[in-house]
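In this text, all values refer to a predicted model and were calculated from it rather than measured experimentally.
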Amino acid sequence: MTEIDVIANLKDVEAKIAAAAEDAARDPAEVFLTLVSKTWEADDIRPLLDAGHRRFGENRVQEAQGKWPELKDAYDSVWLHLIGPLQTNKAKDAVRLFDVIETLDREKLAQSFAKLAEDGELIPELLVQVNTGEEEQKAGVAPKAAADFARYCRDDLALPVTGLMAIPPADEPPAPHFALLYKLSEELGLPRLSMGMSGDYETAIHLGATDVRVGSAIFGPRRPKEG
Ligand SMILES: *Cc1c(COP(=O)(O)O)cnc(C)c1O
């Protein structure tokens, strides 16, 4: 078995983020690195927490509930991002566990958050997921509908929507998708832009990303039990 040095990987990714930001005449401190720990266990994650990293992402509520309450108790100031699809019946669990939810993608879910807020739940920062490639199997609102949907959530429902998120099609160059997301965020005045993964985070930073989501470049290839 080869040991993967997650700390060396983290340093490497951080250095590349800083270089990409400087290259784009941006302040590296304005780019947040979310480490995507899906499929990895608490013991795999702890070394990164010990090294001082505090921002992580998970794509399933139930999986996150199995490891993060314990880790959040043990470490201060952890920021946990939900980056996978959220079912309405898990919305309450999600608002209680996550500090940012990046996958607001439909009215019914927005209305659930509004109802939870009425009931006194604290709603975390929300990003609207945009399906920039208009892929049928992928979550997210269509680019044409994104502005109206974001305004509905932010202005009509008074939800804390602060940005947009996208996962470009796997088989296309990501840059046009990142550029489209940036343009939408400018039109809406939403500052936070989550785009870029292990293979393309430097490109995303050049095109305005404020949040990059990096998994395999840190942890190695995901465990086969999940996709
Ligand atoms: C898994 C996942 C990532 C991380 O992908 P890597 O290519 O391993 O960096 C980023 N964003 C989302 C939404 C994911 O599901």
Side-chain angles (χ1 to χ4, degrees), residues 3-11 13-14 17 31-105 109-110 112-113 115-117 119-129 139-140 159-163 165 167 192 194-198 201 209-227:
E3 271 297 306
I4 290 169
D5 188 344
V6 293
I7 306 302
N9 290 346
L10 174 62
K11 296 225 161 81
V13 169
E14 283 174 340
I17 287 173
V31 181
F32 290 132
L33 168 59
T34 297
L35 301 188
V36 179
S37 48
K38 65 190 185 195
T39 79
W40 299 98
E41 286 166 19
D43 283 348
D44 302 314
I45 299 166
R46 235 177 247 116
L48 292 154
L49 286 158
D50 287 334
H53 197 83
R54 286 293 182 274
R55 194 176 295 274
F56 292 84
E58 291 281 345
N59 69 335
R60 293 168 192 233
V61 176
Q62 215 168 342
E63 185 189 332
Q65 282 176 316
K67 51 188 154 175
W68 281 101
E70 168 206 347
L71 291 171
K72 282 189 152 196
D73 277 348
Y75 297 87
D76 282 342
S77 317
V78 169
W79 290 83
L80 193 59
H81 291 225
L82 179 64
I83 60 169
L86 178 58
Q87 292 170 328
T88 308
N89 64 7
K90 298 240 175 77
K92 190 195 270 188
D93 290 338
V95 303
R96 289 182 173 180
L97 180 60
F98 290 93
D99 304 287
V100 180
I101 294 177
E102 302 199 7
T103 50
L104 174 54
D105 63 353
L109 183 59
S112 297
F113 287 141
K115 175 78 173 59
L116 288 166
D119 295 346
E121 297 286 339
L122 198 64
I123 307 299
E125 246 185 76
L126 302 171
L127 308 188
V128 168
Q129 183 176 354
L159 292 172
V161 175
T162 58
M165 176 270 215
I167 311 168
R192 203 158 182 175
S194 174
M195 55 191 198
M197 320 202 300
S198 288
Y201 62 89
T210 62
D211 286 78
V212 294
R213 312 176 304 265
V214 177
S216 47
I218 302 291
F219 291 99
R222 272 183 284 287
R223 298 197 159 155
K225 65 175 182 185
E226 292 180 70

Give the intermediate values and the outcome of side chain to side chain contact (heavy atoms under 4.5 Å, CB included) for residues Leu35 and Val6.
CA-CA 11 Å; Leu35 301 188; Val6 293; over 6 Å; no

Measure the shortest side-chain to side-chain distance between [X] and [Y] over non-hydrogen atoms and say whether it is less than 4.5 angstrom.
{"X": "Val100", "Y": "Pro124", "answer": "no"}
{"X": "Leu10", "Y": "Leu33", "answer": "yes"}
{"X": "Val214", "Y": "Thr34", "answer": "no"}
{"X": "Phe219", "Y": "Val36", "answer": "no"}
{"X": "Thr210", "Y": "Phe32", "answer": "no"}
{"X": "Val212", "Y": "Val13", "answer": "no"}
{"X": "Val78", "Y": "Leu71", "answer": "no"}

What are the two closest non-hydrogen atoms of [X] and [Y], and how far apart are they?
{"X": "Asn9", "Y": "Ala217", "result": "CB-O, 3.3 Å"}
{"X": "Ala94", "Y": "Val61", "result": "CB-CG2, 4.2 Å"}
{"X": "Ile4", "Y": "Gly220", "result": "CD1-CA, 3.8 Å"}
{"X": "Ile45", "Y": "Ser37", "result": "CD1-CB, 3.7 Å"}
{"X": "Arg213", "Y": "Ser194", "result": "NH1-OG, 2.9 Å"}

Under the salt bridge (Lys or Arg N to Asp or Glu O under 4.0 Å) rule, what pairs show up with a residue in residues 71-89, not counting sequence neighbours?
Lys72-Asp99

Verify, without hydrogens or angle tests, whether Glu121 (side chain) and Arg96 (backbone) share a donor-acceptor contact under 3.5 angstrom.
no

Any salt bridge between Glu41 and Lys67, counting N to O under 4.0 Å?
no

Would you be so kind as to tabulate the donor-acceptor pairs closer than 3.5 Å made by side chains of residues 80-91, with sequence neighbours excluded?
| unit_1 | atom_1 | unit_2 | atom_2 | d |
| --- | --- | --- | --- | --- |
| His81 | ND1 | Glu102 | OE2 | 2.7 |
| His81 | NE2 | Arg55 | NH1 | 3.0 |
| Gln87 | OE1 | Lys90 | NZ | 3.4 |
| Thr88 | OG1 | Arg106 | NH2 | 3.2 |

Under the criterion side chain to side chain contact (heavy atoms under 4.5 Å, CB included), which of Thr103, Thr162, Asp105, Leu104 is the partner of Val128?
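That would be Leu104; it is the only one of Thr103, Thr162, Asp105, Leu104 passing the side chain to side chain contact (heavy atoms under 4.5 Å, CB included) with Val128.
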
Run the numbers on Phe113 and Ile101 for side chain to side chain contact (heavy atoms under 4.5 Å, CB included), then give the verdict.
CA-CA 11 Å; Phe113 287 141; Ile101 294 177; 3.9 Å; yes

Partner set under side chain to side chain donor-acceptor pair (under 3.5 Å) for Glu70, not counting sequence neighbours
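If we apply the side chain to side chain donor-acceptor pair (under 3.5 Å) test to Glu70, skipping adjacent residues, the hits are Arg46.
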
By side chain to side chain donor-acceptor pair (under 3.5 Å), Asp93 pairs with (sequence neighbours left out) none

Applying ring-ring contact (aromatic ring centres under 6.0 Å, His included), can you list everything that pairs with Phe56, at least two apart in sequence or on another chain?
His53, Trp68

Identify, with sequence neighbours excluded, every residue that meets salt bridge (charged side-chain N to carboxylate O under 4.0 Å, His left out) alongside Lys115.
Asp119

Can you check side chain to side chain contact (heavy atoms under 4.5 Å, CB included) on Val31 and Tyr201, steps first, answer last?
CA-CA 10 Å; Val31 181; Tyr201 62 89; over 6 Å; no

